[in-house]
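Okay, structure first, notes after.
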Amino acid sequence: VQLQAFGGGLVQAGGFLRLSCAASGRTFSSYAMGWFRQAPGKEREFVAAVNGNGFITRHRDSVKGRFTISRDNAKNTVYLQTNLLKPEDTAVYYCVAHTNYARLQVAPSLWGQGTLVTVSS
């Protein structure tokens, strides 16, 4: 599986963006999918995860109620809807995958290239 993320950009605080990640291959539904991010000068951190059938999700506390992860297995795509963006959400966002939902959240096995989200105050 190869991952390609897009949808980042510059947005004002309070705005929204929809990040997408397209995956190649015919085993997409076998993978748990997720998003990590890395802010300038900081370590990468977990943002959100969704299991293979899309029924189970998890979001980090700081984005709960603002971000929503979802997936469309027919389109081999995972999404991250980001609402009420804050300057502290500024980061490069990475699409990730792992065959194990729990392991995905700490050590993804596959990484896509990042997409930059910049939130201005």
Side-chain angles (χ1 to χ4, degrees):
V1 173
Q2 291 186 323
L3 309 174
Q4 183 172 5
F6 49 95
L10 174 63
V11 63
Q12 290 187 329
F16 63 92
L17 287 171
R18 189 193 198 197
L19 307 184
S20 301
C21 174
S24 64
R26 293 180 288 181
T27 60
F28 180 69
S29 61
S30 299
Y31 286 84
M33 301 294 297
W35 295 89
F36 274 61
R37 68 185 180 185
Q38 186 168 22
K42 296 186 177 181
E43 295 185 352
R44 288 182 181 180
E45 62 183 16
F46 166 79
V47 177
V50 59
N51 75 331
N53 61 20
F55 291 164
I56 301 174
T57 63
R58 180 171 177 259
H59 301 77
R60 69 179 296 109
D61 287 347
S62 62
V63 307
K64 284 180 180 177
R66 300 188 298 119
F67 292 11
T68 303
I69 190 171
S70 62
R71 67 189 295 161
D72 185 338
N73 286 347
K75 296 182 178 179
N76 278 18
T77 302
V78 61
Y79 305 97
L80 185 68
Q81 179 68 40
T82 66
N83 298 328
L84 299 175
L85 283 161
K86 303 176 180 180
E88 52 263 43
D89 294 318
T90 294
V92 176
Y93 284 71
Y94 296 91
C95 177
V96 296
H98 199 297
T99 54
N100 183 279
Y101 176 71
R103 292 296 299 164
L104 170 77
Q105 300 170 50
V106 292
S109 57
L110 298 171
W111 291 77
Q113 94 291 354
T115 185
L116 177 62
V117 172
T118 303
V119 184
S120 63
S121 57

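These numbers come from a predicted model, not from an experiment.
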Testing Leu3, Leu80, Thr77 one by one against Met33 for a side chain to side chain contact (heavy atoms under 4.5 Å, CB included), which residue passes? Leu3

Do Trp35 and Leu104 land in one hydrophobic cluster if side-chain heavy atoms of ILVMFWY residues count as linked below 4.5 Å? no

Work out which heavy atom in Arg71 is nearest to a heavy atom in Asn51; give both atom names and the distance. NH1-O, 2.8 Å

Provide the closest heavy-atom pair for Gly8 versus Thr115 in the form atom of the first, atom of the second, distance. N-OG1, 3.0 Å

Is a donor on one side and an acceptor on the other found under 3.5 Å between the side chain of Asn76 and the backbone of Phe28? no

Any side-chain to backbone donor/acceptor pair from Gln113 onto Ala5? Under 3.5 Å, distance only. yes

Spell out, as yes or no, whether a donor-acceptor pair under 3.5 Å connects the side chain of Arg58 to the backbone of Ala102. no

Give a yes or no on whether the backbone of Phe6 and the side-chain of Ser20 come within a donor-acceptor separation of less than 3.5 Å. no

Could you see if Phe46 belongs to whatever hydrophobic cluster contains Tyr31? Use Ile, Leu, Val, Met, Phe, Trp, Tyr and a side-chain cutoff under 4.5 Å. no

Could you state whether Tyr79 and Leu19 fall into the same hydrophobic cluster, counting links through intermediate Ile, Leu, Val, Met, Phe, Trp or Tyr residues with side-chain heavy atoms under 4.5 angstrom apart? no

Donor-acceptor pair, side chain of Thr82 and main chain of Arg66, under 3.5 angstrom: no

Heavy atoms of other groups near Glu45 CD, more than 12 under 6.0 Å: yes

Walk me through it: do Arg44 and Val96 pass the test side-chain contact (heavy atoms from CB on, under 4.5 Å)? CA-CA 12 Å; Arg44 288 182 181 180; Val96 296; over 6 Å; no

Return the CD to OG distance between Glu88 and Ser62, rounded to the nearest 0.5 Å. 8.5 Å

Scanning both residues in full, the closest heavy-atom pair of Asp89 with Arg37 reads OD1-NH1, 3.0 Å

Thr57 side chain to Ile69 main-chain N or O, any donor-acceptor pair under 3.5 Å? no

Please find the pair of heavy atoms, one from Pro87 and one from Ser121, that lie closest to each other, and give the distance. CG-CB, 3.8 Å

Give a yes or no answer on whether the side chain of His98 reaches the backbone of Ala32 with a donor-acceptor pair at less than 3.5 Å. no

Do the side chains of Phe36 and Tyr93 join up, straight or via other hydrophobic residues, at under 4.5 Å, putting them in one cluster? no

Please determine whether a side-chain nitrogen of the Lys or Arg among Asp61 and Lys64 lies less than 4.0 Å from a carboxylate oxygen of the Asp or Glu. yes

How many angstroms lie between atom OG1 of Thr90 and atom CG of Leu116, to the nearest 0.5 angstrom? 8.0 Å

Hydrophobic cluster membership, Val92 vs Val63, 4.5 Å side-chain cutoff: no

